[in-house]
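Please find one structure pasted underneath; my questions will follow.
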There are 2 protein chains.
Amino acid sequence: MAGSSERSQRGGHTGISIEDVAAAAGVSTATVSRAVRGLPKVSPVTRQKILEVAASLGYVASSSASGLATGRTRTIGILAPFVSRWFFSKAIEGADRELYARNYNLSLYNLGGHGGNRVRLFDKTMVYKQIDALLVLCMALSHEELEHLHKIEIPLIVVGGHVEECSYIGIDDYAAASVAVQHLVDLGHRDIALVHGDNQTDLNFDVPRVRILAYHDVMRKAGLDPQPGWEQWGDFTLLSGQDAFRRIWNLPGRKPTAIFCASDEMAMGVIFEAARAGVNVPGELSVIGIDDHDFSEAMGLTTVAQRPDEQAELATKMLLDELDGHVGAVKSAVARHELILRATTAPPRA
Amino acid sequence: MAGSSERSQRGGHTGISIEDVAAAAGVSTATVSRAVRGLPKVSPVTRQKILEVAASLGYVASSSASGLATGRTRTIGILAPFVSRWFFSKAIEGADRELYARNYNLSLYNLGGHGGNRVRLFDKTMVYKQIDALLVLCMALSHEELEHLHKIEIPLIVVGGHVEECSYIGIDDYAAASVAVQHLVDLGHRDIALVHGDNQTDLNFDVPRVRILAYHDVMRKAGLDPQPGWEQWGDFTLLSGQDAFRRIWNLPGRKPTAIFCASDEMAMGVIFEAARAGVNVPGELSVIGIDDHDFSEAMGLTTVAQRPDEQAELATKMLLDELDGHVGAVKSAVARHELILRATTAPPRA
DNA sequence: TTGTAAGCGTTATCAT
DNA sequence: ATGATAACGCTTACAA
């Protein structure tokens, strides 16, 4: 019974079904199912025949149907506060590489405009019964959210920073920031300003705090005592870097000879604004960032590099391994960072 | 009849089902289905009761099951050659706004690393029975692909340029490029170079060609005759802009006094490289791009602005309207562009 | 190796 | 307004 030709009432929307293939190949649907999924216990000749028929009919299994039958969607979700920013778009590409290689789909949940009511994501649209695992980018999750996720029992991992209560992958922010500040100290700078990430919002959660801490520690160890007002916040964007520079430069008194920025984008903002103010980089002002943004090399920006794509790729691999039954595959890991010397840092003017 | 507690053989992975809710509320599954979907013909009191029970149980409908029953996945696919480039990430954010507002999911198909074998996307992973509609970003589809898509009968639209045989949304590339070149001509430039997009690859398909054509037309009408070698190709990236500048500047003979770049990123590459070569912008060299990239304002880059997010948002709206039964909702449209004068263009030196 | 048939959780038709 | 119930297309014991 039932070829796609003689299909009933609701939607003819479904195309070629497994029954059509079975009928055309003269076998049962069970055998077709086994054959197309490459399962064993199908004779070579039968499989061959079925594959041919399936191909000629253009058969593709309905993901809804197999999802319903197996309880798996073969889709993993990526939760991101933004997509059009360097870290996030790179991470998405990295995750996608692994997903593509292992034949999974990628469902993107962007908090961008609608960050406020992320509640909804956890209730309706999202997560629940739509994805097999969740990759969270640079966000802290609330207690409730984590609990909710935990209850659903889907593998979960956070990329881009430390977050309590669950596995995470990211660079050692303390070490990375320390390296950056120490580089400035080593060059002989004593008046070092800081443009850090906002730690009011949950974006990047711990990350800003840790980087600030590292700055303070390195400064203290070097016997340096930054001016109040030389610590400005930003939100990791170019624009906020520009603003921060202006606030620092408009301060009365002497100027810093170097600025450490918690992201390359902010560093670029500082550099553009410095240029506008006629401040020579690195002659009068050294600038260092963190990230190694796509534009950093072209701008000659000295930075501490990280690779969000690799981080997300690894995280995705762990998620998929866990789904493949490798219990314990998902675990925290520290990603590498590396100081890259370029043209925006130099010893302070004598 | 089954509560999630007494569930059989395969996976207990499924959580609370509609039956659980029905049982707890003392109604049939049919009524629960109507109630939770906000359908009419449910008495207020019944609905209220059901909603309460559903909420307390944390019930969420299985997308696989409803997908199977309705033939709709409530997911639209976005096909992009890259995600970590300005146009694409912005477009994704724009599409997401509309999708989120209308409670659809977003499935991302990135051709990034694996662009070569995009075949697979159309066969296996993708499209077929996984998504209700497809948004294509800046790519030409082959005849077979289009036919395939057409056969599946899912709404389809292309954003970011003209493509034959299907609806598309994008700026008028000819007009936009003309405005840019004309701006240089109006400033008095006669020696105008071009850094255009690659038209070998299918990325942006028609777009590069049309922009080149506009350049030629405007030049000819102005009675200008560009040097051979002043036309360099790029691939829309910063790096390729740098390379192009070097190739142009290394040419023997006189230098152009202005360069029109087919994208802001390439324009930035030209500017960075010009700075490195000690060429003053706009003193010795005017530079104009197309896009109005996030960084363009900070860099003072004169450009012809476009808004990929708005384009994708509109395209998505059309797709969803079509799915809502508004036949003919999907149709081609021209998006706006606007010349933005900033600091990288000026009259040529006397 | 292959077939039979019972689910999987919804939705939608048809009664009531 | 509500309830039975038959699909939806696939997977997977279990039987053959």
Side-chain angles (χ1 to χ4, degrees), chain A residues 1-23 25-50 54 57 59-74 128-130, chain B residues 1-4 6-23 25-50 54 57-74 128-130:
Chain A
M1 345 74 204
S4 63
S5 37
E6 32 170 318
R7 189 153 280 119
S8 64
Q9 12 179 5
R10 289 187 291 272
H13 37 244
T14 11
I16 311 298
S17 85
I18 198 172
E19 281 209 43
D20 299 309
V21 179
V27 296
S28 74
T29 62
T31 304
V32 174
S33 178
R34 293 177 193 116
V36 298
R37 285 184 299 155
L39 263 38
K41 308 201 162 199
V42 176
S43 82
V45 41
T46 310
R47 182 189 305 274
Q48 171 67 17
K49 165 93 179 171
I50 293 176
L57 257 41
Y59 169 73
V60 179
S62 150
S63 53
S64 295
S66 80
L68 181 55
T70 60
R72 303 271 208 161
T73 59
R74 271 200 101 73
Y128 213 40
K129 297 173 185 164
Q130 301 248 54
Chain B
M1 333 80 206
S4 60
E6 32 168 319
R7 188 150 282 118
S8 65
Q9 12 177 8
R10 289 186 293 271
H13 38 244
T14 13
I16 311 297
S17 84
I18 199 171
E19 280 208 44
D20 299 309
V21 178
V27 296
S28 72
T29 62
T31 305
V32 174
S33 179
R34 293 179 194 115
V36 298
R37 286 184 298 156
L39 263 38
K41 310 202 162 199
V42 177
S43 83
V45 41
T46 310
R47 182 189 305 273
Q48 172 67 16
K49 164 94 179 170
I50 293 176
L57 257 41
Y59 169 73
V60 179
S62 151
S63 55
S64 295
S66 83
L68 182 54
T70 59
R72 302 273 207 159
T73 59
R74 271 200 102 72
Y128 213 37
K129 298 174 186 163
Q130 302 247 53

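Throughout, protein chains are lettered first and strands after them, A, B, ... in sequence-line order, and every chain is numbered starting at 1.
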Provide the closest heavy-atom pair for A:D20 versus A:G15 in the form atom of the first, atom of the second, distance. OD2-O, 4.1 Å
Partner set under side chain to side chain contact (heavy atoms under 4.5 Å, CB included) for A:A30, not counting sequence neighbours: A:S28, A:R34
Protein-nucleotide distance (B:L39, atom CG; C:dT10, atom C1'), rounded to Å: 13 Å
Figure out the CD/C1' separation between A:E19 and C:dA5, and round it to whole Å. 12 Å
Taking only residues two or more places apart in sequence, or in another chain, which ones meet B:A61 in a side chain to side chain contact (heavy atoms under 4.5 Å, CB included)? B:Y59
Mind calculating the distance between CD1 (A:I16) and P (D:dC10) to the nearest angstrom? 10 Å
Which residues share a side chain to side chain contact (heavy atoms under 4.5 Å, CB included) with A:S64, sequence neighbours left out: A:S62, B:L68, B:T73
If the helix axis at each end comes from five base pairs, how far does the helix from C:dT1-D:dA16 to C:dT16-D:dA1 deviate from straight, to 10°? 30°
Closest non-hydrogen atom pair, B:L57 against B:I16: O-CG1, 3.4 Å
With A:T29 via side chain to side chain donor-acceptor pair (under 3.5 Å) - residues at least two apart: none
Rounding to a whole Å, what distance do you find between B:Q130:CD and D:dC10:P? 12 Å
Between B:R47 and B:S43, do the side chains contain a donor N or O and an acceptor N or O under 3.5 Å apart? no
Under the side chain to side chain contact (heavy atoms under 4.5 Å, CB included) rule, collect the residues that match up with A:S66, sequence neighbours excluded. none
Nearest heavy-atom pair of A:V42 and A:A35: which atoms, and what distance? CG2-N, 4.1 Å
Rounded to the Å, how far apart are A:R74 CZ and D:dT11 C1'? 14 Å
If you check the B:L68 side chain, which of D:dT11, C:dT11, C:dG9 turns out closest? C:dG9
Rounded to whole Å, please give me the gap between CZ in B:R37 and P in C:dT10. 11 Å
I want to verify a distance call: between D:dC10, D:dC8, D:dT12, whose nearest atom is closest to the A:S62 side chain? D:dC10
Rounded distance in Å - CG (B:D20) to P (C:dC8): 11 Å
Roughly, in whole Å, what's the span from CD1 in B:I18 to C1' in D:dA4? 14 Å
Pairwise N/O distances under 3.5 Å, protein to nucleotides 1-3 of chain D:
| from | atom 1 | to | atom 2 | distance (Å) |
| --- | --- | --- | --- | --- |
| D:dT2 | OP1 | B:S43 | OG | 3.2 |
| D:dT2 | OP1 | B:T46 | OG1 | 2.4 |
| D:dT2 | OP2 | B:S43 | N | 2.8 |
| D:dT2 | OP2 | B:T46 | OG1 | 3.4 |
| D:dG3 | OP2 | B:S28 | N | 2.8 |
| D:dG3 | OP2 | B:S28 | OG | 3.1 |
| D:dG3 | OP2 | B:T31 | OG1 | 2.7 |
| D:dG3 | N7 | B:R34 | NH2 | 3.4 |
| D:dG3 | O6 | B:R34 | NH2 | 2.6 |

